[in-house]
Amino acid sequence: MSQTVDRALSILPLLAEGPADLGQVADRLGVHKSTALRLLRTLHEHGLVYRQSDQRYRLGARLIALAQEAMENLDIREIAHPHLVKLNEQCGHTVHLAVYEEDEVLYIDKVESRYPVRMYSRIGKPVAITVAAVAKLLLADLPEPERRALADKLDYPVYTTRSTADAPAFLRELDKVREQGWATDLGGHEESINCVAAPIRGAEGRVVAAMSVSAPNVVVTADELLTLLPLVRRTADAISGEYSGRTSPKGTV
C-alpha cells in the first residue's frame, strides 16, 4: 500500500512540469502502463489529475483548490510565535511580527522585552509605514509599479531628523532593502529606538510577513543591535521554512 501511495504521489510533481501522456508517466515511475493507468484513474476520480482531449494528463482543479485552501488557512502568527519567543529569550529585546494588508502594515504579534524600558506598540496597530523596518521589507517586495504608486500617495511625517523625507528617498530605501534582504529603522520613528528586521517568505519566495528586534539606545546602541542581525535572519529563515513547508517544526516528522 505504501508503495502504491508513493507512486501515485510521484505523478503529481511530474504533471506540475506540464501535461504528460500515459507512456511518459509509466516511464517516470518505472512501471507498466497498466499500473500507471490505475494510479492515474484513482487520482482522476479524486480530481487531482485531469485527462485532456489529447489523452494527456495534467494537474486537476481539485488539487489547485486544495493548495489554495491550505495556503489561506496557514496562520503565520501561530507558526512564527514559538520562534519569536525563542529569539526574545536569546536577546532579551522586543520582538515584533508584521504583515501588509490594504495599504497598511500591522503588528500581529509582539513579545515584550525583559528590560524595564518597554516600547509602546500594540498588536493590531499600524506601524509608521515610511520609517518602520518591517514596513520597508514588506513594501520592498511589491512589484515596482505598485511600490511607486504607493510611495506617491503616502504622507511623509517628520518624526525625527532621520525620518524618510519624501517619495524618491523612500523608493531609494526600498531598492536598498530589496537588494540586501534586511532593513533597519535607526531612530527614524523615535530618536531613542532602533530596530533591525528580516523578511519571512512563503513557498514562492514572496515576502508574507516581516519580523524585527527593537530596543532603546539606553539598553543597547544601534551598533550593538546590528550585531543581532544574523540571529534575526536565521529566525526569519526558520519561520519561512516552516511556513512554506520546506521544513517541519522541531520535534515533528
Side-chain angles (χ1 to χ4, degrees), residues 76-77 80 84 93-110 119-217 220-230 232-233 235-237 239-240 243:
I76 185 64
R77 182 182 182 276
L84 305 183
H93 305 305
T94 302
V95 182
H96 286 109
L97 179 69
V99 296
Y100 178 62
E101 292 183 357
E102 299 180 357
D103 292 345
E104 287 187 327
V105 174
L106 307 170
Y107 290 130
I108 60 171
D109 202 0
K110 177 184 180 182
M119 287 186 59
Y120 178 72
S121 57
R122 296 197 309 270
I123 294 174
K125 180 182 178 183
V127 310
I129 198 168
T130 59
V131 293
V134 288
K136 294 174 187 177
L137 284 164
L138 290 160
L139 301 184
D141 193 59
L142 296 175
E144 184 176 359
E146 195 172 340
R147 288 202 310 272
R148 291 189 175 277
L150 180 62
D152 286 341
K153 70 180 182 181
L154 288 175
D155 294 324
Y156 293 87
V158 181
Y159 301 107
T160 75
T161 57
R162 297 180 180 178
S163 297
T164 308
D166 50 31
F170 190 48
L171 289 169
R172 288 194 298 272
E173 178 69 7
L174 295 185
D175 286 341
K176 175 184 174 184
V177 167
R178 188 180 180 92
E179 181 177 352
Q180 68 187 16
W182 51 275
T184 61
D185 169 17
L186 304 179
H189 187 216
E190 298 180 55
E191 289 278 7
S192 61
I193 301 293
N194 299 306
C195 176
V196 61
I200 296 167
R201 299 181 183 274
E204 297 180 353
R206 298 298 305 273
V207 177
V208 297
M211 54 156 297
S212 65
V213 170
S214 304
N217 54 26
V220 291
T221 66
D223 287 341
E224 289 170 335
L225 188 67
L226 285 169
T227 65
L228 295 175
L229 178 60
V232 174
R233 298 185 77 177
T235 302
D237 288 345
I239 298 170
S240 298
Y243 181 77

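Position 1 is the first residue of the sequence, and the numbers go up from there.
Rounded to the nearest 0.5 Å, atoms CG (L138) and CD (E101) are 10.5 Å apart. Within the model, atoms CG of L225 and CG of L186 stand 8.0 Å from one another, a figure rounded to the nearest 0.5 Å. Between the CG atom in D166 and the CG atom in D155 there is a gap of 12.5 Å [rounded to 0.5 Å]. Distance check, rounded to the nearest 0.5 Å: OH of Y100 to CD1 of I129 gives 6.0 Å. For the atom pair CZ (R233) and CG (D237), the distance works out to 7.5 Å, reported to the nearest 0.5 Å. The structure places NZ of K110 at 13.0 Å from CG of L84, a figure rounded to the nearest 0.5 Å.
Residues I76 and L97 come closest through the heavy atom pair O-CD2, 4.2 Å. S163 and V131 get closest at one heavy-atom pair: CA-CG1, 3.9 Å. The shortest non-hydrogen separation linking A169 to A165 is CB-N, 4.4 Å. The two residues L142 and L150 come nearest to each other via the heavy atoms CD1-CD2, 4.2 Å. Across all their heavy atoms, Y156 and A151 have their closest contact at OH-O, 2.7 Å. Contact detail for L139 and F170: the closest heavy-atom pair is CD1-CZ, 3.7 Å.
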Hey, can you pull the donor-acceptor pairs under 3.5 Å for the side chains in residues 196-210, sequence neighbours left out?
{"unit_1": "R201", "atom_1": "NH1", "unit_2": "G205", "atom_2": "O", "d": "2.8"}
{"unit_1": "R206", "atom_1": "NE", "unit_2": "D141", "atom_2": "OD2", "d": "2.8"}
{"unit_1": "R206", "atom_1": "NH2", "unit_2": "D141", "atom_2": "O", "d": "2.8"}
{"unit_1": "R206", "atom_1": "NH2", "unit_2": "D141", "atom_2": "OD2", "d": "3.4"}

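Remark: T221 engages D223, E224 in a side-chain contact (heavy atoms from CB on, under 4.5 Å) (not counting sequence neighbours).
Under the 4.5 Å side-chain criterion, counting only non-hydrogen atoms from C-beta, L228 is in contact with H93. Using a 4.5 Å heavy-atom threshold, the side chains of E191 and N217 count as separate. Side-chain contact between P157 and T130 is present, with heavy atoms from C-beta onward closer than 4.5 Å.
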Check: Does the side-chain contact (heavy atoms from CB on, under 4.5 Å) test come out yes or no for N194 and L226, once each step is laid out?
Finding: CA-CA 9 Å; N194 299 306; L226 285 169; over 6 Å; no
Next item on the list: Check step by step if side-chain contact (heavy atoms from CB on, under 4.5 Å) holds for M211 and T235.
Entry: CA-CA 9 Å; M211 54 156 297; T235 302; 3.8 Å; yes
Margin query: The test is side-chain contact (heavy atoms from CB on, under 4.5 Å); show your working for D175 and R147 and say whether it passes.
Written below: CA-CA 10 Å; D175 286 341; R147 288 202 310 272; 3.5 Å; yes
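Ion pairing of K136 with D185 is absent here, as no side-chain N (NZ or NE/NH1/NH2) approaches a carboxylate O to less than 4.0 Å.
The environment of Q180 atom CD is dense: over 12 non-hydrogen atoms of other residues, nucleotides or ligands sit within 6.0 angstrom. The 12-atom threshold is not exceeded at NZ of K176, counting heavy atoms of other residues, nucleotides or ligands nearer than 6.0 Å.
Using cut-offs of 30° and 60° for the angle between ring planes, the H189 and Y159 rings count as perpendicular.
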